Amino acid sequence: MTSSHSLLIRRANIILANGELSIGDVLIDEGQISDVAPSIDNVTAAREIDAQGLTLLPGVIDPQVHFREPGLEHKEDLFTASCACVKGGVTSFLEMPNTRPPTISQVELDDKLERAAQKCLVNYGFFIGATLDNVADLLAVEPVCGIKIFMGSMGGKLLVDEEATLDGIFSQGKRLIAVHAEDQARIKQRREQFAGIHDPAIHSQIQDNQTALLATKLALKLSKKYQRRLHILHMSTADEADLLRESKPDWVTAEVTPQHLLLNVSAYEKIGTLAQMNPPLRTTHDNEVLWQALRDGVIDFIATDHAPHLLEEKAKEYPNTPSGMPGVETSLPLMLTAAVEGKCTVSQVANWMSAAVAKAYGIPNKGVIAPGYDADLVLVDLKKYKPVLREELLSKSGWSPFEGWNLTGWPVITIVGGQIAYEQGCPNTEVRGQALRFIDTPSSS
C-alpha cells in the first residue's frame, strides 16, 4: 500500500545528525522531515528530487545579519536579503537591532516581525538592542533570540560602553546577551592619533587587537560575575581566542565570520574599502589561530555579519566610508571550499553553520537532518566549482569581497519548511518563512 507525501529526496549524500555521511532518501511531510533511510520505498510524493551526486545539509542558520529594514532599505531590505539567503543556502537568520528606528522595544520588534512575515523567503528572528535605559524592555519583549550590546563601533542610542551600565544589564534577567566587543574609549583615542590618514588599511590599526581584547575581557568578567549567558559576536583576534582557551565558562559561546578566517590585512591593497568592517580584518596569524580555535571548539559556530552598503558609499574616502560587507550568499560555499581543501570537514561545516547555532540560541527542531525536525535543507554540489560573480549576486548591495574566488558547494536547491525556495539559480518568491521560536538556554552545555 502506498501513501502520498509532499517531497521525497532520493540518493543524496546526507550529513546525518551524528555527523556521519550516508547515501539515502529523505521524506518530507507538512514542512517536517518524516523519514531518513537508505531507501524509502512504497511511497509516492508530490515532488521527487533525484539528488544523486549531491550533498544534503541542514539549512544554514545565520546568527548575525544586518538586513537594513526599516530605515536603510536603499542598502538592503528583508525581501532582497532573504532572496540572497536562499541562494546561499541560508534558511534562517537572526537580525541585529541597528535599523532606523533601532529595535529597542516591543513596538519596533512587532514592526519587524510583521514586515518579515510579508517579505521573507526564509525563517527569521530578531535581537533586541540595549540602550542606557531600556532594561525593562530587554526583560519583557517577546520573541527575541537575545540582547545585543554594542560596546563599541557604534554611536547614538545603541552605544553602551560604560562598565556600570553594562553591569546593570548583565545583573538582571537570564536572556542571552550577545556583544559587539570593541572598546569605544580606545577607538576614540586611536582615531584621534591616526587622524588624517586616508589609507583604509589604517582601520585595522585604529581598531586594533587590543581594542577587541579589552572589551571581550570586560564582557567575560561580567558574565562570570553573574553567571550570565554570553555570546561573543564575530571574534576576530588570536588574543581573544587565547583568552577563551584559557577560561571559557560553560555558559559562554563565540562565533567567527568567514572573512575573519579567510581574509586579512592584505585585502586592503586588493579591494580597498571593500575590506573595511568592524571589527576589522587582522593578520594571517590571527586567521590561523581562529581556525584552530574553531576546530577545537573554543569558537562554537559561524556567522556572516552580513552588513551591506552600496558601492557608491564604499567609494568614498576613508574614514568617511561605512564599515561592513555582504555575506549570506557566499558563506556556505566559502566554508565548503575550505572543507574540500582540508581545513575542516563537511560535517564540521554543517555543525558550525546549523546544529551548533540552533543549540546556542535554543531554536527547536532546527539544524539537523532527522525525523521530527523542520525540513530546512540545502542540496549542494561539491564537485562543481564556480566563481563569485558580481552580476549574479542577489543582495541589493551588488558586490562581494570574495568576487572572483572560485568556490565549490554552491546550493542547487534550498528548501524552507518543506517548500523549494531556490532552484536552478532562481529564488521562489512565493515561499514565506516563519518566525523562529526560542527556548531559554541559560547554559550552552
Side-chain angles (χ1 to χ4, degrees), residues 6-9 28-32 45-49 51 54 56-62 65-96 99 110-126 304 306-310 326-333 353-354 366 374-381 386 388-400 409-436:
S6 57
L7 187 62
L8 177 59
I9 302 169
I28 296 166
D29 283 306
E30 296 180 354
Q32 287 196 323
R47 170 80 189 270
E48 192 169 303
I49 297 170
L54 301 178
L56 186 67
L57 302 166
V60 173
I61 306 170
D62 191 334
V65 300
H66 302 263
F67 283 171
R68 307 304 190 196
E69 184 177 349
L72 296 163
E73 289 94 335
H74 71 282
K75 300 175 188 282
E76 191 79 278
D77 60 59
L78 288 167
F79 175 73
T80 59
S82 62
C83 287
C85 280
V86 294
K87 183 176 186 291
V90 176
T91 56
S92 301
F93 67 78
L94 305 180
E95 206 257 355
M96 288 299 166
T99 43
D110 288 345
D111 177 62
K112 277 192 174 177
L113 287 165
E114 184 178 341
R115 290 167 181 266
Q118 294 172 1
K119 296 184 177 185
C120 281
L121 281 63
V122 299
N123 307 307
Y124 46 89
F126 299 99
T304 65
H306 177 94
H309 303 282
L310 299 184
V328 292
E329 289 173 80
T330 53
S331 59
L332 183 58
M353 302 189 79
S354 302
K366 302 284 186 191
D374 293 339
D376 299 331
L377 304 164
V378 57
L379 273 168
V380 302
D381 189 341
K386 195 177 67 153
V388 178
L389 299 175
R390 182 176 297 188
E391 58 269 23
E392 293 183 358
L393 297 171
L394 299 183
S395 169
K396 193 178 284 188
S397 59
W399 62 275
S400 167
W410 291 99
V412 177
I413 293 176
T414 302
I415 298 168
V416 177
Q419 307 169 87
I420 295 176
Y422 176 83
E423 185 177 18
Q424 295 181 336
C426 295
N428 178 358
T429 58
E430 300 300 312
V431 169
R432 289 295 176 267
Q434 295 182 327
L436 295 170

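No experiment lies behind these values; they were computed from the predicted model shown.
- Residues S400 and T330 come closest through the heavy atom pair OG-CG2, 4.1 Å.
- Contact detail for K87 and W410: the closest heavy-atom pair is NZ-CZ3, 4.0 Å.
- At a threshold of 4.5 Å between non-hydrogen side-chain atoms, the residues D374 and Q434 do not count as touching.
- Considering all non-hydrogen atoms of both residues, G418 and L7 come closest at O-CD2, 4.0 Å.
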### Task
Kindly determine whether F93 and L78 satisfy side chain to side chain contact (heavy atoms under 4.5 Å, CB included), including the steps that lead there.
CA-CA 11 Å; F93 67 78; L78 288 167; 4.1 Å; yes
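- Residues K119 and S82 fail the side-chain proximity criterion, which asks for heavy atoms closer than 4.5 Å.
- For the atom pair CH2 (W399) and NE2 (H309), the distance works out to 7.5 Å, reported to the nearest 0.5 Å.
- Evaluated for a side-chain contact (heavy atoms from CB on, under 4.5 Å) with V378, the options V412, T91, T414 yield exactly one hit, T414.
- A 4.5 Å side-chain heavy-atom check between I49 and L54 finds every atom pair outside the cut-off.
- Of all the heavy atoms in L121 and P427, the pair that sits closest is CD2-CB, 3.9 Å.
- Side-chain atoms of D376 and I61, non-hydrogen and from C-beta on, never get closer than 4.5 Å to each other.
- Between I413 atom CD1 and I420 atom CD1 the span is 5.5 Å, to the nearest 0.5 Å.
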### Message
What verdict does the side chain to side chain contact (heavy atoms under 4.5 Å, CB included) test give for L436 and K366, after you've listed the backbone C-alpha separation in whole Å, the side-chain angles of each residue and the deciding distance to 0.1 Å?
### Response
CA-CA 10 Å; L436 295 170; K366 302 284 186 191; 3.7 Å; yes
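- Contacts classified as side chain to side chain donor-acceptor pair (under 3.5 Å) and involving residues 416-429 (residues at least two apart or in different chains) are given here: R47-E423.
- Among residues two or more places apart in sequence or in another chain, the side-chain contact (heavy atoms from CB on, under 4.5 Å) test is passed with K112 by P70, E95, T99, T103, F126.
- In this structure the side chain of V90 never reaches within 4.5 angstrom of the side chain of V65, judged on heavy atoms.
- Considering CG of L394 and CD of E329, their distance stands at 5.0 Å, rounded to 0.5 Å.
- Shown here are the side-chain contact (heavy atoms from CB on, under 4.5 Å) partners of S354, two or more places apart in sequence or in another chain: P58.
- The only option from K396, H306, R68 that meets the side-chain hydrogen bond (donor to acceptor under 3.5 Å, both in side chains) definition with E76 turns out to be H306.
- The shortest heavy-atom contact between A421 and V416 is CB-CG2, 3.8 Å.
- Note that CZ of R390 is 12.0 Å distant from OG of S395, once rounded to the nearest 0.5 Å.
- Within the 4.5 Å cutoff, the side chain of L57 has no heavy atoms near those of the M353 side chain.
- In this structure, the separation between NZ on K75 and CG on D77 is 13.5 Å, given to the nearest 0.5 Å.
- Expressed to the nearest 0.5 Å, how far CG of L332 lies from OG1 of T304 amounts to 12.0 Å.
- Under the 4.5 Å side-chain criterion, counting only non-hydrogen atoms from C-beta, C85 is in contact with F67.
- When all heavy atoms of V380 and P411 are compared, the pair lying nearest together is CG1-CA, 4.0 Å.
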### Message
Is there a side chain to side chain contact (heavy atoms under 4.5 Å, CB included) between I415 and I9? Walk through the geometry before answering.
### Response
CA-CA 11 Å; I415 298 168; I9 302 169; 3.8 Å; yes
